[in-house]
Amino acid sequence: MGHVEIPETDISGPVGLRGAPRPRTAASRNRTAALEQLWRAPTAQRDPAERVPARRKPVHRASVGALTDLLALAGPAWLLLHLGEQPRPWLAAAVAGLLWTGLRGVRGRYADPVRAEPGGAFGALGDWLVLLGVLAVLHAAAGGSVDPATAVVAVAPGLLAATAVEGLRTGRRGRAVRKVLLVGEAAGLDRAAELLNSRTDHAYQLVAAIPVGPGLPGFENLQVPGRLASSPADDDVTTVLGGAYAHDADLVLVAPGPQLTGDRLRRLGWGLHDAGVALCVASELSGIAAGRVRPVTAAGLTLLHIAPPLRGGPQGVLKAALDRGGALFGLLVLAPLLLAVALCVRFSSRGPVFHRQVRQGQHNRPFTMWKFRTMVADAEARKEQLSEDNEVDGPLFKMRQDPRVTPVGRTLRRTSIDELPQLFNVLLGQMSLVGPRPPLPEEASRYDEREGRRLAVKPGLTGLWQVSGRSDLSWQETVSLDLWYVDNWSVATDMGLLARTVRAVTDGRGAY
């Protein structure tokens with residue numbers, strides 16, 4: 001493998017990109033020359049007439065986010081306090097705005113959006129409640145004269161603005177916000193590329209890959225702008241930077257392997273960071289939320305401590321309380337709708353209003369699940385006749401045009417209103433508001449060890465699969481989503497999934 005020729009330079013001057021001392025020229029020519037050398041790396045095999053791509057200027061997301069939060073809370077707060085003739089409205093608004101911005105900064109709300117976890121849009125509500133607590137303590141300690149009710153109304157616009165911004169960020173997560181250049185051996189590249197391309201609920205767009213060693217990635221449409229030798233070489237950094245610049249990548253994702261680890265990976269990181277390109281190292285771990293991972297160092301090693309999944313404790317108690325309270329509240333509020341649907345089902349076709357079915361719950365315990373009837377009365381007897389028309393893999397049975405579904409039932413299924421009677425199951429403690437869907441006994445009897453882990457938590461009225469495609473997902477995709485929830489659930493995640501469920505039900509895709 002060839003090496004990039006560096007023009008004669010003054011080595012006493014400062015060093016720019018790693019391995020390329022700055023030539024003694026004007027500042028503008030210096031940057032162009034450095035980029036030109038990286039762009040023309042011989043391993044990239046680029047068109048000599050092609051122009052050097054311009055690097056995008058970094059966006060100061062943290063500064064913009066903090067300023068937005070500060071103005072969105074302090075501005076309306078000052079106006080409302082001033083109109084309410086509260087004493088020193090400017091001081092109270094400034095203190096509240098600075099506390100709000102500082103609190104959200106400490107809690108990582110201005111970090112890169114690619115690091116956000118499911119349910120992140122609900123973080124604004126938690127931050128706002130903490131702000132109210134802090135302001136209440138300050139009000140009591142300082143003997144403030146601002147009316148508490150007026151103060152709550154005054155800081156409410158800050159919550160609305162932050163929620164709107166977080167909602168936009170969550171809504172954009174299916175589109176790419178980071179262009180990724182993959183680096184690693186062929187097997188590692190294929191694994192990372194397959195996982196990144198199999199889902200759209202993340203912020204990484206794979207644009208190219210640089211293999212290490214003789215192997216080639218298995219993805220046909222994956223651009224390969226260069227290659228690293230099997231052993232460390234002087235042009236490792238220039239080759240990777242050349243590929244990153246060629247495809248305008250702002251993140252290099254390394255899949256470590258026997259040929260790319262230890263000192264070689266460390267030196268590659270030096271060069272990328274000196275050039276202002278972000279570096280990320282893929283782990284063999286999968287299906288683990290970032291909140292469960294705690295990095296530590298010992299004897300020069302970087303260790304990842306993995307916290308066990310939640311199975312009880314304070315969050316378990318809170319989840320149970322929210323389930324029972326939410327189910328009771330939902331039944332009371334939705335009582336008129338439930339009555340109207342019951343009448344429609346009863347008079348639109350022969351048969352009972354409710355469909356009762358034995359399902360397997362937590363720890364494979366059976367229970368009777370309630371739904372509004374959406375099929376003809378003899379639907380179960382006709383199921384075996386339609387077994388050859390099953391449109392999904394695995395133990396599930398689904399048909400897009402199931403002849404057993406009644407006209408009213410199709411509307412109920414599309415809107416998921418047929419599931420609302422399961423609020424009684426939640427109230428009885430047999431189900432949760434959020435969790436995997438409860439399987440039929442014959443389905444559960446066919447589970448292997450991996451699939452059986454879905455039964456480690458209570459089944460839910462909604463869950464990850466409902467907000468990620470519902471019946472359009474394959475069986476293995478459904479299992480993967482449920483297993484992620486089983487291992488990584490939290491109350492904050494549940495709240496976020498409930499919010500996303502409203503959007504999924506309104507959209508109606510995958511419901512049949």
Side-chain angles (χ1 to χ4, degrees), residues 15-20 31 34-35 37-39 41 44 52-66 105 108-117 120 169 172-184 188-189 191-193 195-197 199 201-212 222-226 228 235-257 260-286 289-291 293 295 297 302 304:
V15 176
L17 300 176
R18 185 176 180 271
R31 176 171 176 78
L35 288 174
Q37 290 297 321
L38 294 169
W39 172 245
V52 177
R55 298 298 288 161
R56 290 178 293 177
K57 295 182 179 180
V59 179
H60 300 289
R61 302 180 188 272
S63 301
V64 174
R109 305 308 182 193
Y110 306 130
D112 196 315
V114 302
R115 302 171 67 181
E117 290 294 315
R169 288 175 58 179
R172 288 200 305 266
R173 198 153 300 149
R175 301 196 296 267
V177 295
R178 298 298 292 269
K179 292 185 177 181
V180 176
L181 173 70
L182 267 178
V183 178
L189 293 182
R191 175 179 179 270
L195 291 174
L196 288 176
N197 291 332
R199 298 272 294 274
D201 57 345
H202 59 80
Y204 296 94
Q205 180 189 21
L206 183 59
V207 295
I210 293 182
V212 179
L222 193 59
Q223 298 293 320
V224 181
L228 298 185
D235 62 350
D236 282 354
V237 174
T238 54
T239 300
V240 174
L241 281 177
Y245 288 1
H247 294 275
D248 203 21
D250 51 16
L251 176 68
V252 172
L253 176 58
V254 175
L260 185 58
T261 185
D263 187 64
R264 190 180 192 186
L265 179 57
R266 187 183 184 192
R267 291 179 181 275
L268 179 60
W270 289 345
L272 293 175
H273 290 149
D274 289 347
V277 179
L279 171 65
C280 184
V281 179
S283 168
E284 288 297 318
L285 298 172
S286 61
V293 181
T297 57
T302 300
L304 300 178

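As the structure is a prediction and not an experimental result, all values here were calculated from the model. Positions are given from 1 along the sequence.
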Query raised in the report: For the atom pair CG (L206) and CD (Q223), what is the distance rounded to the nearest 0.5 Å?
Result: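 Between atom CG of L206 and atom CD of Q223 there are 10.5 Å.
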
**Report entry** Separation of L228 CG from R264 CZ (nearest 0.5 Å)
**Finding:** 5.5 Å

Query raised in the report: Do the charged groups of D250 and R178 touch, with an N to O distance under 4.0 Å?
Result: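 A salt bridge links D250 with R178.
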
Is there side-chain contact between [X] and [Y], with heavy atoms separated by less than 4.5 Å?
| X | Y | answer |
| --- | --- | --- |
| L253 | L181 | no |
| V237 | L272 | no |
| L285 | L304 | yes |

What pair of heavy atoms forms the shortest contact from [X] to [Y], and how long is it?
| X | Y | result |
| --- | --- | --- |
| P256 | A282 | CD-O, 3.4 Å |
| V293 | P295 | O-CD, 3.9 Å |
| G271 | L241 | O-CD1, 4.2 Å |
| P211 | L189 | CA-CD1, 3.7 Å |

**Report entry** N/O donor-acceptor pair under 3.5 Å between R191 side chain and E284 backbone
**Finding:** yes

Query raised in the report: Side chain of T239, backbone of D235: donor and acceptor closer than 3.5 Å?
Result: yes

Query raised in the report: I210 and V224: side-chain contact (heavy atoms from CB on, under 4.5 Å), yes or no, with the steps?
Result: CA-CA 6 Å; I210 293 182; V224 181; 6.0 Å; no

Query raised in the report: Can K179 and L251 be said to form a side-chain contact (heavy atoms from CB on, under 4.5 Å), step by step?
Result: CA-CA 6 Å; K179 292 185 177 181; L251 176 68; over 6 Å; no

Query raised in the report: Given V212 and V183, is the side-chain contact (heavy atoms from CB on, under 4.5 Å) satisfied, shown in steps?
Result: CA-CA 7 Å; V212 179; V183 178; 4.2 Å; yes

